[in-house]
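Written out below as structure tokens is the structure these notes cover.
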Amino acid sequence: MDRRESLKSMLLGSVAGGMIITGCSPENETPPVPQKAESDGYGRTDYEKAHDEKIYEQVFLNEHELETIAVLCDIILPANADFGSATEAGVPDFIKFIVKDMPAHQLPVRGGIAWLDNYSNAEFGSQFKFLDPEQQKQICDLIAFPGKTRPEHLAGEKFFTRMRNLTLTGYYTSEMGVKDLGYKGNVPNNWDGVPADVLADHSVSYEQEWLDKCVDPATRSEIAEWDEEGNLLNG
Amino acid sequence: MQIAESQKTYDVAIVGSGAGGGMATKILSDAGFDVAVLEAGPFFDPAQDEYRTQLRWPWESPRRGASSDRRSFGDFDAAYGGWNIEGEPFTNGDNTDFWWFRSRMLGGRTNHWGRISLRFGPLDFKRKSIDGLGDNWPIGYDDVKPYYDKVDKLIGIFGSRENIPNEPDGFFLPPPKPRLHELYYINGARKAGIPVIPSRLSILTKRINDQRGMCFYCGQCNRACQAYADFSSGTCLIFPAQRNGGKVELYTDAMVKDVTTDREGKATGVNYINKNDRKEYHLKAKVVVLAASACSTARILLNSKDNVHQDGLGNSSGLVGHYLHDSTGASRTAFIPELADRKRYNEDGVGGLHVYTPWWLNDSKDLDFPRGYHIEVWGGMGMPSYGFGFNPNDLHKIIGGNVGGYGNHLRDDVKKYYGAFLGVSGRGESVAQKDNYCEIDNEVVDQWGIPVLKFHYQWTEHEVRQAKHMQDTFEEVLEAAGGVLLGDKPGADRNYGLTAPGQIIHEVGTTRMGDDPRTSVTNKYNQLHDCENVFIMDAGPFVSQADKNPTWTILALAWRASDYLIDQVKKRNI
């Protein structure tokens, strides 16, 4: 059932009524092994699917605001030699969604963009997104360094900090950003401790007495057996 | 409209499918009983892709895993609901800030919990004998030990044999090797003179049978495991009970309202609301097991009034809802400069800490607070989710450099500090107080028309002083680990960082057990003093909670109570 159908079924109340014995039992008799996603969802309940659907259908930020956000995203995080920019990682789409999903962002983002445009108009006679990069940089320098901001620019600083946070969190939770960060997990593996070169780098080591207690990756698939005292007999 | 009657009369109606309800389901159905399990939320099986959040990437969620009112611990956490349940409120009395975490789904909160599975020790059942506070349990460690042993073998737990008197060893699988930040913690603890041992979590580092897989070290136990390699009630108790040919019928989305009784006051079943058609049904049963969680069970009892039980079922003592208590909690974080700019590798490990510090001062005479706490450890190079990258270079305030800015140096800042933190959290024992309680709020009903709970809860000086001791210890151990402490040390004005009651999600004690019906709600076999065919198998019967996480004791006591129930039915006593 796709998202739309499931929403429809909820609205129509077509969920089975009456006695609700769910004869459900586990789908797999044997333990499953981790596998690739079979469905497009991410484990949502019907209630959550309906919420997501509602958010997707809403419009909050207008075209001009989204274009300004895209410009800001790439000022905050431009491409480098190895990885793309924030917009290339899809950050504006994330911000477009999250501002709808978390209403507390709405007024500060909308007001912040307007503040930026007001300032740009007063200073350079044009909206921020139309300024040349050097002019944009001049404005950013006034609001990008908390602790050094002039009092009359503090609203701009708050906005810029919010945009920096949303840009970075959007980037580092994207596929590109996770790769850039170098996070190596979220895959099945057989943990066997900190790599030796890392231990050496940090001048730490495992105590032998501690290691003796730990699991042996080689024999762990044998079914555990204990004596009556609770001593493990195999591994 | 009339209430629809169930066609048949079940041997047992089990209300709630979490740890206690799951264990009752397994033991009673294995014994041949015909059981109905009533769960207030939907079906859930982490092995089926439509429910799966494990091994998903942050970008699979449009909000990048952020928490919401729909899942308090984030999009990928397995627990539906949390601090808020839409349409099912609760209220707080004056000066009370009680937090109540509920998860409506098959398996309840066992789907996402931390899997820390500590046995209560001999001292933990008899604390009044030591400090004169609260009450002793009517049972001791020796009564429960055989059941802890059986739970270890049935469900699986890793740990190490340490021969620490009040931290009893069990039938352990071998623990995983510590991660790097945990080695820093070990060094800090050694210097500070406090013990540190391998943690004890119900996760299968080694195979225990052919029905469940082994841990594949994704570090995501809170997302529920598709290989069934950690404990949750559905995957380890209810599904195996069904596979074993047990007569188990699951009623999901069934919100139990009250226990029904006959003229003599004996239970005859339960009334529940079917959340899908909003109608009320009566399910008939010879025995009722309440395992809806300590507070939900108290709510059901207090909402079950009849001519025999005028103040609520099982409430002749007036104590249902009273002695509610949660664990204490406090935390601190440090930046470890030596961990800055570290090498990358996969250190997800199991879904929780690999090492911890058990309470080490049982013999101390110098403390200004009773009871104790253990210390949990966290840190490492985890998977990013919403919030990662916020304030990326605030640490420059400490080590120098511009805060904020824009451009590619932000990448360097984020990478530099990634995985360079060590955090510790204390989890301690509070002293159960009669004046801390939940009651029915007569003015408020939930969307099913059922009167809701109102909480009254204040910490005492005991818990505040314990939190102060935690903060002092945290400073000592984190500095000894080479850490730069972050944030201000919380002082008396903030109760030393003591969490609000309920926030540790270890609420227990609302139907405490005892030998005297005037001062307790159940007997030592979790059976209501006032109604012989009703048993309480969640954490309600706990007299005191120890500094141990309650789940392993819920499981052991539910098994023990189920054995007693079977015996009583065989003897025709109920």
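A, B, ... follow the sequence lines: proteins, then strands. Residue 1 opens every chain. Because the structure is predicted, anything quoted here is derived from the model rather than measured.
With no hydrogens or angles considered, a side-chain donor-acceptor pair links A:Tyr183 and B:Asp348 at under 3.5 Å. Side-chain contact annotation: A:Asp141 with B:Tyr406, donor-acceptor N/O pair under 3.5 Å present.
Remark: B:Arg190 engages A:Glu207 in a salt bridge, criterion side-chain N to carboxylate O under 4.0 Å. Using a cut-off of 4.0 Å between Lys/Arg side-chain N and Asp/Glu carboxylate O, A:Asp201 and B:Arg342 are scored as not salt-bridged. A salt bridge is defined here as a Lys NZ or Arg NE, NH1 or NH2 lying under 4.0 Å from an Asp or Glu carboxylate O, and A:Asp216 with B:Lys206 fails to meet this definition. Between B:Arg71 and A:Glu48, at least one side-chain N (NZ, or NE/NH1/NH2) sits under 4.0 Å from a carboxylate O, which counts as a salt bridge.
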Candidate pair B:Trp59 and A:Val178, rule side-chain contact (heavy atoms from CB on, under 4.5 Å), full reasoning: CA-CA 10 Å; B:Trp59 57 86; A:Val178 167; 3.8 Å; yes

Pair A:Arg220-B:Met214, side-chain contact (heavy atoms from CB on, under 4.5 Å): steps then yes or no: CA-CA 8 Å; A:Arg220 73 190 196 111; B:Met214 289 178 293; 3.7 Å; yes

Derivation of the salt bridge (Lys or Arg N to Asp or Glu O under 4.0 Å) call for B:Arg63 and A:Asp52: CA-CA 10 Å; B:Arg63 65 188 62 75; A:Asp52 282 4; 2.6 Å; yes

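For the pair A:Thr173 (side chain) and B:Pro384 (backbone), a donor-acceptor distance under 3.5 Å is absent. With B:Arg64 contributing its side chain and A:Thr169 its backbone, the two residues share no donor-acceptor pair below 3.5 Å. The backbone N or O of B:Ile197 sits nowhere less than 3.5 Å from a side-chain atom of A:Lys213 that would complete a donor-acceptor pair. No donor-acceptor pair closer than 3.5 Å links the side chain of A:Arg164 to the backbone N or O of B:Phe390.
Heavy atoms closer than 4.5 Å to chain A are found in both the backbone and the side chain of B:Tyr386. Residue contact with chain A, scored on non-hydrogen atoms closer than 4.5 Å, involves the backbone and the side chain of B:Asp75 alike. When heavy atoms are compared at a cutoff of 4.5 Å, B:Leu204 approaches chain A solely by way of its backbone atoms N, CA, C and O. Looking at B:Glu162, the atoms closer than 4.5 Å to chain A (heavy atoms on both sides) all sit in the side chain, from C-beta outward. Interface residue B:Leu180: backbone and side-chain heavy atoms are both found under 4.5 Å from chain A. Heavy-atom distances place the side chain of B:Gln220, and not its backbone, under 4.5 Å from chain A. For a residue to count as touching a neighbouring chain, one of its non-hydrogen atoms must lie under 4.5 Å from one of that chain's; by this rule B:Asp169 does not touch chain A. Only the side chain of B:Tyr418 comes within less than 4.5 Å of a heavy atom in chain A; its backbone stays farther off. In this structure, the portions of B:Met383 lying under 4.5 Å from any heavy atom of chain A include both its backbone and its side chain. Using a 4.5 Å cut-off between heavy atoms, B:Arg104 makes no contact with chain A at all.
The distance from atom OG1 of A:Thr45 to atom CZ of B:Phe44, rounded to the nearest 0.5 Å, is 11.0 Å. To the nearest 0.5 Å, atom CG of residue A:Asn186 and atom CH2 of residue B:Trp57 are 4.5 Å apart. A:Arg44 contributes atom CZ, which lies 13.5 Å from atom OH of B:Tyr51 (distance to the nearest 0.5 angstrom). Taking CG of B:Leu183 as the reference point, atom OG of A:Ser203 lies at 12.0 Å (rounded to 0.5 Å). Rounding to the nearest 0.5 Å gives a distance of 8.5 Å between CG of A:Asn189 and SG of B:Cys218.
Using the six-membered ring where Trp is involved, A:His202 and B:Tyr184 have ring planes that are perpendicular, over 60° apart on the 30 and 60° scheme. Ring pair B:His354/A:Trp191 is perpendicular by interplanar angle, where above 60° counts as perpendicular and below 30° as parallel.
Across B:Pro175, B:Ser160, B:Pro178, a single residue satisfies side-chain contact (heavy atoms from CB on, under 4.5 Å) together with A:Trp210, and that is B:Pro178.
In terms of heavy-atom pairs under 4.5 angstrom with chain A, the leader among B:Met381, B:Glu86, B:Gln54 is B:Glu86.
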